[in-house]
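These notes concern the structure reproduced below.
The residues of the chain are indexed from 1 along the displayed sequence. Just so you know, these numbers come straight off a predicted model, no measurement behind them.
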Amino acid sequence: MVEIAAPATPGTLKAELEGLYRSWRMLDVLNETIATMPPEWLRILEIARNIMLRRPLPGLEVPDEIARLVTPAEPIFTTQVRVERKKRVVYPVTGDVEIQPLRNMTDFAQVTLPDMMLRSIGQELFDFRLISGGINGLYNIDTGPAEQEYDDIIEVSVPTGGMSRKKRQKVYALLDVSNSMRDANKETFAKALLLAYLLIAIEEGAEVYLRTFGNTVHQRSDCTTKERFGELAGRILRVTPDGSTDIKVALDTAVGDIRALDSYNTLAHLGEAPPTEILLISDCESYEVPYLPKGIRLHTVHLKGGRMMKAYREGFERIRAESKTFTEIDTTNLALPDSTRDRWLLEQDGRSLERELALRAFERGTNPEEERRQGLVQAYSRMNEAKSRRTKGAQKVNSMAAKPVLGLAELFRRIGAAIRRVFLRPPSESWDDAEDEAPASPMGLRFRERR
């Protein structure tokens with residue numbers, strides 16, 4: 001008999017742990033282990049994970065268009081409202097009151113206010129009415145529970161059969177790997193965004209095609225199953241920027257591939273839009289951009305960082321006009337997301353009694369859950385080390401930048417002094433200085449001075 005664990009209650013520590021493990025699903029499809037991954041890869045995967053979870057990235061504002069790109073297709077529900085007539089028992093908070101003829105002479109304190117005013121008008125008249133039973137008293141009545149009818153409004157979410165968007169069938173990704181992508185964290189964010197986008201697409205059953213480009217277009221990688229996604233992700237993580245940017249060649253190559261993949265503009269599919277959509281991630285610093293054929297869907301993510309040369313302005317406006325969606329992101333201040341909460345969750349998971357019992361049960365074998373937890377702990381510790389090294393490097397750069405800048409006259413003066421020291425210094429003096437600076441020979445040898 002197999003025991004199925006009940007789903008964790010939302011908001012509990014167990015539910016947060018389950019969410020943390022599921023959010024690292026990209027590690028399950030990679031062909032690398034956490035111990036062998038460079039810290040830069042872990043940093044990219046952490047940013048990609050936060051993009052898919054729609055968490056804020058420090059120093060970067062992710063537009064809604066990007067969030068929609070990495071959001072999986074979800075069924076659309078409509079809310080139906082119905083009213084049901086129901087009954088319920090109501091218990092009064094306080095008792096009721098009732099005016100009755102005075103029951104007894106001892107209930108004089110219960111006499112109503114109008115009758116007491118009659119006493120002040122005429123005592124004899126009041127006494128006569130009191131004896132004849134014409135004076136009223138205010139009595140409390142203890143009421144029991146009562147039955148009350150009410151309308152219960154019930155809202156039910158009913159699937160409409162539609163989806164939030166059409167599932168992707170074929171995806172063609174173009175990643176700019178030119179030298180300009182090294183600046184302002186463009187390369188890091190581009191890889192993270194592309195991995196998140198392609199993982200969502202491959203989970204929807206889409207066919208994925210990837211080309212990287214600089215001044216030339218590189219070999220195409222095809223991924224038609226989730227089992228092959230690890231090879232594709234490894235190529236994205238390993239690629240290094242080189243060369244300049246030529247979007248024209250990249251898009252021309254992509255359109256040519258789509259013609260072959262989808263039989264685009266052939267007699268059998270004349271006038272039909274191809275199912276393949278193109279995602280271009282680039283800083284758009286290209287002189288030329290082609291006109292795309294009708295029906296080609298292009299989504300462009302423009303990574304900003306610094307000022308763009310005026311020579312690229314025409315190509316930039318052309319790529320904006322040809323894109324179905326065009327999103328700009330400034331990656332200058334991008335930082336690694338804070339992982340303090342996730343590390344704390346893993347530590348709490350390691351200290352739990354259930355995990356200790358599971359470890360005892362798996363003494364003779366391996367525990368996949370414990371291996372996964374230890375791997376994530378190691379990943380966070382390595383990312384933290386890489387972050388501290390980057391912080392020290394940034395402090396060093398800032399201290400160097402804080403030094404006063406030399407003026408032009410002072411710079412020429414120092415260059416002239418250096419030239420004079422090289423060309424006007426006697427050769428013998430150079431040799432003497434070198435001999436003085438050289439360490440003493442361990443064997444007691446003496447060298448003859450050169451003249």
Side-chain angles (χ1 to χ4, degrees), residues 23-26 43-74 163-178 180-181 183-204 206 208-213 229 232-233 236-237 239 245 247 250-251 254 276-286 296-306 308 316-317 319-339:
S23 65
W24 276 104
R25 62 186 185 271
M26 194 176 296
R43 182 190 184 197
I44 294 172
L45 295 178
E46 172 72 358
I47 295 174
R49 188 179 71 91
N50 281 269
I51 291 175
M52 288 190 292
L53 294 176
R54 292 193 174 188
R55 291 182 178 177
L57 298 178
L60 182 67
E61 183 177 356
V62 180
D64 294 337
E65 292 80 2
I66 297 299
R68 284 193 289 267
L69 280 176
V70 296
T71 300
E74 299 175 348
M163 304 292 289
S164 57
R165 62 168 174 80
K166 188 178 180 181
K167 286 189 175 183
R168 300 183 176 106
Q169 302 177 25
K170 295 182 179 180
V171 169
Y172 197 107
L174 289 173
L175 177 61
D176 185 359
V177 291
S178 60
S180 57
M181 294 290 287
D183 304 331
N185 303 309
K186 298 177 188 177
E187 176 191 359
T188 300
F189 182 78
K191 291 181 177 181
L193 176 61
L194 184 58
L195 285 172
Y197 175 79
L198 295 183
L199 181 60
I200 295 296
I202 204 69
E203 287 180 345
E204 292 180 0
V208 174
Y209 307 94
L210 168 70
R211 282 191 188 270
T212 58
F213 70 95
F229 182 78
L232 186 70
I236 295 173
L237 292 169
V239 67
T245 307
I247 295 180
L251 286 178
T276 304
E277 61 181 32
I278 303 176
L279 174 66
L280 171 65
I281 303 179
S282 171
D283 55 10
C284 298
E285 296 184 359
S286 179
I296 298 292
R297 292 171 297 170
L298 172 64
H299 305 282
T300 302
V301 178
H302 172 223
L303 304 181
K304 299 191 299 184
M308 179 180 290
F316 177 78
E317 296 299 334
I319 196 65
R320 184 198 293 269
E322 293 291 333
S323 301
K324 182 179 180 181
T325 60
F326 187 89
T327 309
E328 290 185 326
I329 302 177
D330 190 353
T331 59
T332 305
N333 299 320
L334 174 64
L336 185 66
D338 185 20
S339 57

Assess whether a salt bridge exists between R25 and E203, defined as any Lys/Arg side-chain N lying under 4.0 Å from an Asp/Glu carboxylate O. yes
Hey, is R43 close enough to E46 for a salt bridge, meaning N to O under 4.0 Å? no
Least distance between heavy atoms, [X] atom then [Y] atom:
X	Y	answer
A192	A48	O-CB, 3.3 Å
A201	V208	CB-CG2, 4.4 Å
A196	M26	N-CE, 4.3 Å
M308	C284	CE-O, 3.9 Å
G305	A184	CA-CB, 3.8 Å
R49	S23	NH1-OG, 2.9 Å

Does a side-chain heavy-atom distance below 4.5 Å link [X] with [Y]?
X	Y	value
I296	Y172	no
T245	F213	yes
N185	F189	no
W24	L45	yes
I51	L195	no
E204	P72	yes
R54	T71	yes
I47	L60	no

Between I66 and L69, is a side chain to side chain contact (heavy atoms under 4.5 Å, CB included) present by the stated rule, with each step listed? CA-CA 5 Å; I66 297 299; L69 280 176; 4.1 Å; yes
Please say which of L210, L198, V301 ends up in a side-chain contact (heavy atoms from CB on, under 4.5 Å) with L279. V301
Measuring from atom [atom1] of [X] to atom [atom2] of [Y], what distance do you get when rounded to the nearest 0.5 angstrom?
X	Y	atom1	atom2	answer
M181	L303	CE	CG	5.0 Å
L280	L194	CG	CG	10.5 Å
T212	I281	OG1	CD1	12.0 Å
F316	D283	CZ	CG	10.5 Å
T276	R297	OG1	CZ	8.0 Å
S323	H302	OG	NE2	11.0 Å

Between S282 and D176, does any side-chain donor sit less than 3.5 Å from a side-chain acceptor? yes
Is there a side chain to side chain contact (heavy atoms under 4.5 Å, CB included) between R168 and I200 once you walk through the steps? CA-CA 9 Å; R168 300 183 176 106; I200 295 296; 4.0 Å; yes
Residue pair E277, H299: steps toward the side chain to side chain contact (heavy atoms under 4.5 Å, CB included) verdict: CA-CA 8 Å; E277 61 181 32; H299 305 282; 3.7 Å; yes
Would R320 and T300 count as a side chain to side chain contact (heavy atoms under 4.5 Å, CB included) if you check the C-alpha gap in whole Å, the side-chain angles of each, and the deciding distance to 0.1 Å? CA-CA 8 Å; R320 184 198 293 269; T300 302; over 6 Å; no
